[in-house]
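For reference, the structure discussed in these notes is given below.
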Protein chains: 2
Amino acid sequence: MAIRTTATGTSVAREKLLATASELFYREGIHAVGVDRIIGEAGVTRATFYRHFPSKEDLVEAYLGVEDATIRDAFDRAGEATDDPGQLLELVIEGLADDVARLHTRGCPFINAAAEYPEADSGVRVAVGEHRAWFRGTLEALLTGAGSSDPEVAAGQLVLLRDAAMVGGYLDGWERVRPAFVGAARQAAGLAA
Amino acid sequence: MAIRTTATGTSVAREKLLATASELFYREGIHAVGVDRIIGEAGVTRATFYRHFPSKEDLVEAYLGVEDATIRDAFDRAGEATDDPGQLLELVIEGLADDVARLHTRGCPFINAAAEYPEADSGVRVAVGEHRAWFRGTLEALLTGAGSSDPEVAAGQLVLLRDAAMVGGYLDGWERVRPAFVGAARQAAGLAA
DNA sequence: TAAATGATAGAACGATCTTTCTCTTTTTGC
DNA sequence: GCAAAAAGAGAAAGATCGTTCTATCATTTA
(Lines give C-alpha, C1' and ligand atoms only; values in the text may rest on other atoms or scores of the structure.)
Protein backbone atom coordinates (compact mmCIF):
# COMPACT_ATOMS: atom_id res chain seq x y z
CA MET A 1 0.00 0.00 0.00
CA ALA A 2 1.80 3.03 -1.26
CA ILE A 3 -0.51 5.96 -1.28
CA ARG A 4 1.56 9.08 -1.14
CA THR A 5 -0.17 10.91 1.64
CA THR A 6 -0.17 14.51 2.75
CA ALA A 7 -0.75 16.07 6.15
CA THR A 8 -4.53 15.78 5.74
CA GLY A 9 -4.31 12.12 4.93
CA THR A 10 -5.31 12.18 1.25
CA SER A 11 -3.15 11.56 -1.79
CA VAL A 12 -0.88 14.39 -2.87
CA ALA A 13 -1.60 13.70 -6.54
CA ARG A 14 -5.33 13.86 -5.88
CA GLU A 15 -4.99 17.15 -4.05
CA LYS A 16 -2.85 18.65 -6.79
CA LEU A 17 -5.40 17.58 -9.40
CA LEU A 18 -8.26 19.01 -7.39
CA ALA A 19 -6.52 22.31 -6.73
CA THR A 20 -5.48 22.74 -10.35
CA ALA A 21 -8.91 21.79 -11.69
CA SER A 22 -10.68 24.08 -9.24
CA GLU A 23 -8.60 27.01 -10.36
CA LEU A 24 -9.11 26.25 -14.07
CA PHE A 25 -12.80 25.36 -13.86
CA TYR A 26 -13.58 28.54 -12.03
CA ARG A 27 -11.47 30.87 -14.13
CA GLU A 28 -12.23 29.47 -17.59
CA GLY A 29 -15.36 27.39 -17.31
CA ILE A 30 -15.84 23.64 -17.09
CA HIS A 31 -16.46 22.52 -20.66
CA ALA A 32 -13.69 24.84 -21.81
CA VAL A 33 -11.03 23.01 -19.77
CA GLY A 34 -9.98 19.60 -21.00
CA VAL A 35 -8.39 16.76 -19.11
CA ASP A 36 -5.09 17.36 -20.92
CA ARG A 37 -4.87 20.89 -19.55
CA ILE A 38 -5.59 19.68 -16.02
CA ILE A 39 -3.08 16.84 -15.92
CA GLY A 40 -0.51 19.01 -17.67
CA GLU A 41 -0.70 21.86 -15.18
CA ALA A 42 -1.01 19.47 -12.25
CA GLY A 43 2.10 17.59 -13.36
CA VAL A 44 0.29 14.27 -13.22
CA THR A 45 -0.33 11.57 -15.81
CA ARG A 46 -3.60 10.50 -17.31
CA ALA A 47 -3.53 7.15 -15.56
CA THR A 48 -3.15 8.83 -12.19
CA PHE A 49 -6.05 11.12 -13.01
CA TYR A 50 -8.42 8.28 -13.80
CA ARG A 51 -7.28 6.32 -10.79
CA HIS A 52 -8.52 9.08 -8.49
CA PHE A 53 -11.50 10.25 -10.51
CA PRO A 54 -13.44 7.69 -12.54
CA SER A 55 -14.56 10.41 -14.93
CA LYS A 56 -14.22 14.12 -15.47
CA GLU A 57 -17.62 14.73 -13.94
CA ASP A 58 -16.43 13.21 -10.67
CA LEU A 59 -13.70 15.83 -10.66
CA VAL A 60 -16.25 18.55 -11.35
CA GLU A 61 -18.35 17.40 -8.43
CA ALA A 62 -15.26 17.29 -6.22
CA TYR A 63 -14.48 20.87 -7.29
CA LEU A 64 -17.93 22.01 -6.20
CA GLY A 65 -17.42 20.09 -2.97
CA VAL A 66 -14.26 22.12 -2.30
CA GLU A 67 -16.11 25.38 -2.90
CA ASP A 68 -18.92 24.25 -0.65
CA ALA A 69 -16.54 23.23 2.14
CA THR A 70 -14.66 26.51 1.92
CA ILE A 71 -17.80 28.55 2.45
CA ARG A 72 -18.99 26.33 5.27
CA ASP A 73 -15.62 26.76 6.96
CA ALA A 74 -15.94 30.52 6.68
CA PHE A 75 -19.34 30.34 8.34
CA ASP A 76 -17.96 28.15 11.09
CA ARG A 77 -15.10 30.54 11.75
CA ALA A 78 -17.51 33.45 11.93
CA GLY A 79 -19.60 31.48 14.40
CA GLU A 80 -16.56 30.95 16.60
CA ALA A 81 -15.64 34.63 16.49
CA THR A 82 -18.70 35.88 18.30
CA ASP A 83 -21.72 34.75 20.29
CA ASP A 84 -23.89 37.75 19.60
CA PRO A 85 -26.40 36.83 16.84
CA GLY A 86 -26.60 40.36 15.46
CA GLN A 87 -22.86 40.70 15.28
CA LEU A 88 -22.66 37.29 13.64
CA LEU A 89 -25.01 38.47 10.91
CA GLU A 90 -22.81 41.51 10.41
CA LEU A 91 -19.77 39.28 10.08
CA VAL A 92 -21.53 37.06 7.57
CA ILE A 93 -22.63 39.94 5.35
CA GLU A 94 -19.19 41.47 5.58
CA GLY A 95 -17.63 38.13 4.76
CA LEU A 96 -19.86 37.65 1.71
CA ALA A 97 -18.96 41.10 0.43
CA ASP A 98 -15.28 40.45 1.00
CA ASP A 99 -15.54 37.12 -0.77
CA VAL A 100 -17.05 38.66 -3.91
CA ALA A 101 -14.54 41.48 -3.87
CA ARG A 102 -11.40 39.39 -3.54
CA LEU A 103 -11.93 35.71 -4.23
CA HIS A 104 -14.95 35.21 -6.44
CA THR A 105 -14.42 37.85 -9.10
CA ARG A 106 -15.54 35.51 -11.88
CA GLY A 107 -19.04 35.01 -10.48
CA CYS A 108 -20.50 32.20 -8.39
CA PRO A 109 -18.99 28.75 -9.03
CA PHE A 110 -22.37 27.11 -8.53
CA ILE A 111 -24.30 29.50 -10.77
CA ASN A 112 -21.65 29.21 -13.46
CA ALA A 113 -21.62 25.43 -13.21
CA ALA A 114 -25.41 25.32 -13.43
CA ALA A 115 -25.23 27.38 -16.61
CA GLU A 116 -23.24 24.56 -18.18
CA TYR A 117 -25.31 21.69 -16.79
CA PRO A 118 -28.95 21.99 -17.86
CA GLU A 119 -30.14 18.62 -16.60
CA ALA A 120 -31.64 19.09 -13.16
CA ASP A 121 -30.94 15.52 -12.02
CA SER A 122 -27.28 15.52 -13.00
CA GLY A 123 -24.70 15.14 -10.24
CA VAL A 124 -23.50 18.68 -10.74
CA ARG A 125 -26.95 20.19 -10.46
CA VAL A 126 -27.70 18.09 -7.38
CA ALA A 127 -24.53 19.44 -5.77
CA VAL A 128 -25.61 22.97 -6.66
CA GLY A 129 -29.03 22.38 -5.16
CA GLU A 130 -27.60 20.94 -1.96
CA HIS A 131 -25.26 23.87 -1.52
CA ARG A 132 -28.04 26.37 -2.02
CA ALA A 133 -30.33 24.53 0.38
CA TRP A 134 -27.61 24.53 3.03
CA PHE A 135 -26.93 28.23 2.46
CA ARG A 136 -30.58 29.16 2.72
CA GLY A 137 -31.11 27.01 5.80
CA THR A 138 -28.04 28.36 7.56
CA LEU A 139 -29.11 31.94 6.94
CA GLU A 140 -32.58 31.14 8.21
CA ALA A 141 -31.16 29.70 11.42
CA LEU A 142 -28.92 32.72 11.87
CA LEU A 143 -31.83 35.09 11.36
CA THR A 144 -34.01 33.13 13.73
CA GLY A 145 -31.29 33.40 16.37
CA ALA A 146 -31.08 37.13 15.77
CA GLY A 147 -34.81 37.50 16.38
CA SER A 148 -35.86 38.23 12.80
CA SER A 149 -39.60 38.78 12.43
CA ASP A 150 -39.77 36.50 9.38
CA PRO A 151 -36.57 34.48 9.01
CA GLU A 152 -37.78 32.55 5.97
CA VAL A 153 -38.51 35.67 3.94
CA ALA A 154 -35.34 37.40 5.12
CA ALA A 155 -33.21 34.35 4.26
CA GLY A 156 -34.76 34.28 0.80
CA GLN A 157 -33.88 37.92 0.34
CA LEU A 158 -30.28 37.33 1.38
CA VAL A 159 -29.93 34.40 -1.02
CA LEU A 160 -31.31 36.66 -3.75
CA LEU A 161 -28.86 39.38 -2.84
CA ARG A 162 -25.84 37.16 -2.81
CA ASP A 163 -26.70 35.79 -6.25
CA ALA A 164 -27.06 39.32 -7.53
CA ALA A 165 -23.82 40.43 -5.90
CA MET A 166 -21.89 37.55 -7.47
CA VAL A 167 -23.29 38.17 -10.94
CA GLY A 168 -23.11 41.94 -10.74
CA GLY A 169 -19.63 41.92 -9.29
CA TYR A 170 -18.43 39.81 -12.20
CA LEU A 171 -20.20 41.63 -15.03
CA ASP A 172 -20.53 45.22 -13.81
CA GLY A 173 -17.68 45.53 -11.33
CA TRP A 174 -17.89 45.18 -7.61
CA GLU A 175 -17.61 48.90 -6.83
CA ARG A 176 -20.84 49.46 -8.67
CA VAL A 177 -22.71 46.70 -6.84
CA ARG A 178 -21.24 46.88 -3.36
CA PRO A 179 -23.29 49.77 -1.91
CA ALA A 180 -26.57 48.33 -3.13
CA PHE A 181 -25.68 44.88 -1.80
CA VAL A 182 -24.49 45.93 1.64
CA GLY A 183 -27.40 48.32 2.13
CA ALA A 184 -30.07 45.89 1.02
CA ALA A 185 -28.51 42.98 2.91
CA ARG A 186 -28.34 44.87 6.19
CA GLN A 187 -31.90 45.97 5.74
CA ALA A 188 -33.08 42.43 5.00
CA ALA A 189 -31.23 41.15 8.05
CA GLY A 190 -32.81 43.80 10.25
CA LEU A 191 -29.53 45.52 11.07
CA ALA A 192 -29.00 49.24 11.64
CA ALA A 193 -28.23 51.16 8.47
CA MET B 1 -28.24 36.87 -56.94
CA ALA B 2 -30.42 34.17 -55.55
CA ILE B 3 -30.95 34.78 -51.90
CA ARG B 4 -34.04 32.98 -50.72
CA THR B 5 -35.74 35.73 -48.77
CA THR B 6 -38.45 35.73 -46.16
CA ALA B 7 -41.02 38.35 -45.23
CA THR B 8 -38.46 40.28 -43.17
CA GLY B 9 -35.99 40.34 -46.03
CA THR B 10 -33.32 38.01 -44.64
CA SER B 11 -32.39 34.54 -45.78
CA VAL B 12 -34.68 31.74 -44.67
CA ALA B 13 -31.72 29.43 -44.06
CA ARG B 14 -30.06 32.04 -41.88
CA GLU B 15 -33.22 32.55 -39.86
CA LYS B 16 -33.69 28.82 -39.38
CA LEU B 17 -30.09 28.49 -38.21
CA LEU B 18 -30.45 31.40 -35.83
CA ALA B 19 -33.74 30.17 -34.38
CA THR B 20 -32.44 26.62 -33.91
CA ALA B 21 -29.16 27.77 -32.39
CA SER B 22 -30.90 30.21 -30.05
CA GLU B 23 -33.11 27.45 -28.73
CA LEU B 24 -30.21 25.02 -28.29
CA PHE B 25 -27.71 27.51 -26.89
CA TYR B 26 -30.17 28.69 -24.29
CA ARG B 27 -31.48 25.29 -23.27
CA GLU B 28 -28.22 23.33 -23.23
CA GLY B 29 -25.39 25.83 -23.10
CA ILE B 30 -23.09 27.12 -25.81
CA HIS B 31 -20.00 24.92 -25.60
CA ALA B 32 -22.26 21.90 -25.16
CA VAL B 33 -23.92 22.38 -28.56
CA GLY B 34 -21.82 21.57 -31.61
CA VAL B 35 -22.19 22.80 -35.16
CA ASP B 36 -23.34 19.34 -36.24
CA ARG B 37 -26.31 19.49 -33.89
CA ILE B 38 -27.29 22.93 -35.12
CA ILE B 39 -27.15 22.21 -38.83
CA GLY B 40 -28.81 18.85 -38.27
CA GLU B 41 -31.82 20.25 -36.44
CA ALA B 42 -32.00 23.28 -38.71
CA GLY B 43 -32.04 21.05 -41.79
CA VAL B 44 -29.19 22.96 -43.37
CA THR B 45 -25.77 21.92 -44.63
CA ARG B 46 -22.42 22.87 -43.27
CA ALA B 47 -21.56 25.01 -46.28
CA THR B 48 -24.73 27.03 -45.82
CA PHE B 49 -23.90 27.52 -42.17
CA TYR B 50 -20.45 28.92 -42.89
CA ARG B 51 -21.76 31.10 -45.68
CA HIS B 52 -23.98 32.97 -43.24
CA PHE B 53 -21.76 32.80 -40.18
CA PRO B 54 -17.97 32.92 -40.66
CA SER B 55 -17.50 31.06 -37.39
CA LYS B 56 -19.52 29.61 -34.56
CA GLU B 57 -18.79 32.63 -32.41
CA ASP B 58 -20.53 34.85 -34.96
CA LEU B 59 -23.61 32.70 -34.48
CA VAL B 60 -23.31 33.00 -30.72
CA GLU B 61 -23.14 36.78 -30.99
CA ALA B 62 -26.15 36.76 -33.33
CA TYR B 63 -28.03 34.67 -30.75
CA LEU B 64 -27.34 37.25 -28.07
CA GLY B 65 -28.41 39.92 -30.54
CA VAL B 66 -31.78 38.20 -30.91
CA GLU B 67 -32.25 38.04 -27.15
CA ASP B 68 -31.29 41.69 -26.86
CA ALA B 69 -33.69 42.74 -29.62
CA THR B 70 -36.54 40.76 -28.08
CA ILE B 71 -36.21 42.54 -24.75
CA ARG B 72 -35.89 45.94 -26.38
CA ASP B 73 -39.06 45.24 -28.33
CA ALA B 74 -40.88 44.36 -25.14
CA PHE B 75 -39.78 47.67 -23.61
CA ASP B 76 -40.91 49.53 -26.73
CA ARG B 77 -44.32 47.87 -26.63
CA ALA B 78 -44.71 48.75 -22.96
CA GLY B 79 -43.80 52.34 -23.81
CA GLU B 80 -46.53 52.45 -26.44
CA ALA B 81 -49.12 51.03 -24.07
CA THR B 82 -49.12 53.92 -21.63
CA ASP B 83 -47.91 57.47 -21.20
CA ASP B 84 -47.97 57.51 -17.42
CA PRO B 85 -44.39 56.98 -16.13
CA GLY B 86 -45.50 55.24 -12.97
CA GLN B 87 -47.73 52.85 -14.84
CA LEU B 88 -44.94 52.21 -17.31
CA LEU B 89 -42.67 51.14 -14.46
CA GLU B 90 -45.39 48.81 -13.24
CA LEU B 91 -45.68 47.29 -16.69
CA VAL B 92 -41.92 46.82 -16.91
CA ILE B 93 -41.65 45.06 -13.57
CA GLU B 94 -44.65 42.91 -14.40
CA GLY B 95 -43.13 42.13 -17.77
CA LEU B 96 -39.81 41.11 -16.24
CA ALA B 97 -41.57 38.82 -13.79
CA ASP B 98 -43.64 37.29 -16.55
CA ASP B 99 -40.54 36.79 -18.67
CA VAL B 100 -38.74 34.85 -15.94
CA ALA B 101 -41.82 32.80 -15.19
CA ARG B 102 -42.62 31.72 -18.74
CA LEU B 103 -39.80 32.30 -21.19
CA HIS B 104 -36.49 32.40 -19.37
CA THR B 105 -36.75 29.40 -17.07
CA ARG B 106 -33.15 28.39 -17.70
CA GLY B 107 -31.65 31.60 -16.35
CA CYS B 108 -30.44 34.73 -18.11
CA PRO B 109 -28.94 34.12 -21.58
CA PHE B 110 -26.35 36.82 -21.00
CA ILE B 111 -25.30 35.65 -17.55
CA ASN B 112 -25.09 32.07 -18.78
CA ALA B 113 -23.07 33.09 -21.81
CA ALA B 114 -20.70 35.13 -19.65
CA ALA B 115 -20.14 32.06 -17.48
CA GLU B 116 -18.75 30.29 -20.55
CA TYR B 117 -16.72 33.23 -21.88
CA PRO B 118 -14.18 34.41 -19.30
CA GLU B 119 -12.28 36.86 -21.54
CA ALA B 120 -13.71 40.31 -20.99
CA ASP B 121 -12.72 41.60 -24.42
CA SER B 122 -14.26 38.73 -26.37
CA GLY B 123 -17.13 39.50 -28.72
CA VAL B 124 -19.56 37.63 -26.53
CA ARG B 125 -18.62 39.52 -23.38
CA VAL B 126 -18.77 42.82 -25.24
CA ALA B 127 -22.31 41.96 -26.34
CA VAL B 128 -23.20 41.10 -22.76
CA GLY B 129 -21.77 44.37 -21.54
CA GLU B 130 -23.64 46.38 -24.14
CA HIS B 131 -26.91 44.73 -23.29
CA ARG B 132 -26.47 45.38 -19.60
CA ALA B 133 -25.47 49.00 -20.22
CA TRP B 134 -28.60 49.52 -22.33
CA PHE B 135 -30.77 47.86 -19.70
CA ARG B 136 -29.36 49.96 -16.90
CA GLY B 137 -29.61 53.17 -18.91
CA THR B 138 -33.18 52.48 -19.97
CA LEU B 139 -34.26 51.81 -16.40
CA GLU B 140 -32.54 54.99 -15.26
CA ALA B 141 -34.39 57.03 -17.89
CA LEU B 142 -37.69 55.43 -16.90
CA LEU B 143 -37.09 56.17 -13.23
CA THR B 144 -36.08 59.73 -14.01
CA GLY B 145 -39.34 60.18 -15.90
CA ALA B 146 -41.25 58.78 -12.97
CA GLY B 147 -39.65 61.31 -10.62
CA SER B 148 -37.40 58.92 -8.73
CA SER B 149 -35.35 60.65 -6.04
CA ASP B 150 -32.17 58.85 -7.12
CA PRO B 151 -32.63 57.18 -10.51
CA GLU B 152 -29.05 55.90 -10.68
CA VAL B 153 -29.25 54.02 -7.40
CA ALA B 154 -32.75 52.74 -8.12
CA ALA B 155 -31.72 51.52 -11.57
CA GLY B 156 -28.77 49.71 -10.03
CA GLN B 157 -31.11 48.02 -7.58
CA LEU B 158 -33.45 46.91 -10.37
CA VAL B 159 -30.56 45.47 -12.37
CA LEU B 160 -29.47 43.60 -9.26
CA LEU B 161 -32.97 42.31 -8.72
CA ARG B 162 -33.46 41.08 -12.23
CA ASP B 163 -30.16 39.18 -12.11
CA ALA B 164 -31.25 37.59 -8.87
CA ALA B 165 -34.69 36.76 -10.21
CA MET B 166 -33.23 35.06 -13.27
CA VAL B 167 -30.76 32.99 -11.28
CA GLY B 168 -33.15 32.20 -8.46
CA GLY B 169 -35.99 31.35 -10.80
CA TYR B 170 -33.77 28.84 -12.57
CA LEU B 171 -32.15 27.23 -9.53
CA ASP B 172 -34.74 27.58 -6.77
CA GLY B 173 -37.99 27.83 -8.68
CA TRP B 174 -39.85 30.97 -9.59
CA GLU B 175 -42.61 30.60 -6.99
CA ARG B 176 -40.00 30.88 -4.29
CA VAL B 177 -38.40 34.00 -5.74
CA ARG B 178 -41.39 35.87 -7.14
CA PRO B 179 -42.70 37.54 -3.97
CA ALA B 180 -39.28 38.79 -2.95
CA PHE B 181 -38.58 40.08 -6.46
CA VAL B 182 -41.87 41.88 -7.01
CA GLY B 183 -41.86 43.41 -3.54
CA ALA B 184 -38.28 44.62 -3.68
CA ALA B 185 -38.59 45.86 -7.25
CA ARG B 186 -41.71 47.91 -6.53
CA GLN B 187 -40.00 49.36 -3.48
CA ALA B 188 -36.87 50.24 -5.46
CA ALA B 189 -38.99 51.87 -8.16
CA GLY B 190 -40.88 53.90 -5.59
CA LEU B 191 -44.23 52.30 -6.30
CA ALA B 192 -47.02 51.62 -3.83
CA ALA B 193 -46.72 48.27 -2.09
C1' DT C 1 -30.82 33.45 -72.25
C1' DA C 2 -26.52 33.92 -69.55
C1' DA C 3 -24.00 35.11 -65.57
C1' DA C 4 -24.04 35.21 -60.75
C1' DT C 5 -24.97 33.58 -56.36
C1' DG C 6 -27.22 31.08 -52.66
C1' DA C 7 -28.27 26.37 -51.16
C1' DT C 8 -27.35 21.27 -51.19
C1' DA C 9 -24.39 17.38 -50.76
C1' DG C 10 -20.73 15.03 -48.81
C1' DA C 11 -15.96 14.06 -48.08
C1' DA C 12 -12.21 15.40 -45.41
C1' DC C 13 -9.02 18.29 -42.60
C1' DG C 14 -6.37 18.59 -38.13
C1' DA C 15 -7.25 19.28 -33.49
C1' DT C 16 -9.11 18.14 -29.31
C1' DC C 17 -12.31 15.57 -26.50
C1' DT C 18 -12.80 11.71 -22.74
C1' DT C 19 -11.35 7.32 -21.82
C1' DT C 20 -8.61 2.90 -21.78
C1' DC C 21 -4.63 0.43 -22.19
C1' DT C 22 0.25 -1.61 -21.26
C1' DC C 23 4.57 -1.21 -19.12
C1' DT C 24 7.91 0.48 -15.85
C1' DT C 25 9.32 2.91 -11.68
C1' DT C 26 8.75 4.36 -7.03
C1' DT C 27 7.00 4.29 -2.56
C1' DT C 28 5.06 2.15 1.41
C1' DG C 29 3.40 -1.60 4.95
C1' DC C 30 4.55 -5.81 6.98
C1' DG D 1 13.59 -7.48 1.77
C1' DC D 2 9.13 -8.50 -0.41
C1' DA D 3 4.76 -7.94 -1.97
C1' DA D 4 1.20 -4.44 -2.91
C1' DA D 5 -0.32 -0.44 -4.76
C1' DA D 6 0.24 4.22 -6.41
C1' DA D 7 2.48 7.15 -9.74
C1' DG D 8 4.96 7.95 -14.10
C1' DA D 9 5.26 7.44 -19.16
C1' DG D 10 3.25 7.10 -23.39
C1' DA D 11 0.52 5.07 -27.04
C1' DA D 12 -3.92 4.77 -28.83
C1' DA D 13 -8.63 4.19 -28.98
C1' DG D 14 -13.15 6.28 -30.84
C1' DA D 15 -15.84 10.31 -30.81
C1' DT D 16 -16.63 14.93 -31.61
C1' DC D 17 -14.91 19.55 -32.16
C1' DG D 18 -14.79 23.68 -35.64
C1' DT D 19 -13.54 24.36 -40.22
C1' DT D 20 -12.50 23.95 -45.30
C1' DC D 21 -13.01 21.96 -49.56
C1' DT D 22 -14.92 20.58 -54.23
C1' DA D 23 -18.49 19.54 -56.43
C1' DT D 24 -23.64 20.15 -58.31
C1' DC D 25 -28.31 22.13 -58.22
C1' DA D 26 -31.62 25.93 -58.03
C1' DT D 27 -32.93 30.48 -58.44
C1' DT D 28 -32.72 35.26 -59.56
C1' DT D 29 -31.04 39.38 -61.80
C1' DA D 30 -28.95 41.62 -65.75
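Residue numbers begin at 1 in each chain, while the letters A, B, ... track the order of the sequences. All heavy atoms count here, side chains included; hydrogens, waters and symmetry mates do not. All figures in this text were calculated on a predicted structure; none of them were measured in a lab.
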Between P on D:dA6 and CG on A:L17, what's the gap in Å once rounded to a whole number?
14 Å
Which of D:dG8, C:dT8, D:dA7 is nearest the side chain of B:V44? It is C:dT8
In whole Å, I'd like the distance from the CD1 atom of B:I39 to the P atom of C:dA9.
11 Å
Please report the distance, rounded to the nearest Å, between NZ in B:K16 and C1' in C:dG6.
18 Å
Strictly under 3.5 Å: I want the nitrogen or oxygen pairs between protein and nucleotides 13-19 of chain C, one per line.
| residue | atom | partner | partner atom | Å |
| --- | --- | --- | --- | --- |
| C:dT18 | OP1 | A:K56 | NZ | 2.7 |
| C:dT18 | OP2 | A:V35 | N | 2.7 |
| C:dT19 | OP2 | A:Y50 | OH | 3.1 |
| C:dT19 | OP2 | A:K56 | N | 2.9 |
| C:dT19 | O4 | A:R46 | NE | 3.3 |

Whether A:T48 contacts D:dA6 is assessed here as follows: a side-chain N or O lying under 4.0 Å from the phosphate OP1 or OP2. Is that the case?
no
Side-chain contact test, heavy atoms from C-beta onward, threshold under 4.5 Å: evaluate it for B:F110 versus B:R132 and give yes or no.
no
Could you tell me the separation between the CD atom of B:E116 and the CZ atom of B:R125, rounded to the nearest 0.5 Å?
12.5 Å
Pair A:H31-A:F25, ring-ring contact (aromatic ring centres under 6.0 Å, His included): steps then yes or no
CA-CA 8 Å; A:H31 288 335; A:F25 284 158; 9.4 Å; no
Could you check which residues of residues 113-124 of chain A get a heavy atom under 4.0 Å from DNA chain C? Sort them by number, please.
none
Integer-rounded Å distance: D:dA5 P and A:R14 CZ:
19 Å
Just the rounded figure in Å: distance from P of D:dA5 to NE2 of A:H52.
14 Å
Just by distance, no angles: are the side chains of A:D58 and A:S55 close enough, under 3.5 Å, to form a donor-acceptor pair?
yes
Any ion pair linking B:R136 and B:E140 (charged N to carboxylate O, less than 4.0 Å)?
no
Salt-bridge present (A:R72, A:D68; N to O < 4.0 Å):
yes
Side-chain donor-acceptor contact under 3.5 Å, A:T82 with A:Q87:
yes
Measuring centre to centre across the rings, with the benzene-like ring taken for any Trp, is A:Y170 within less than 6.0 Å of A:H104?
no
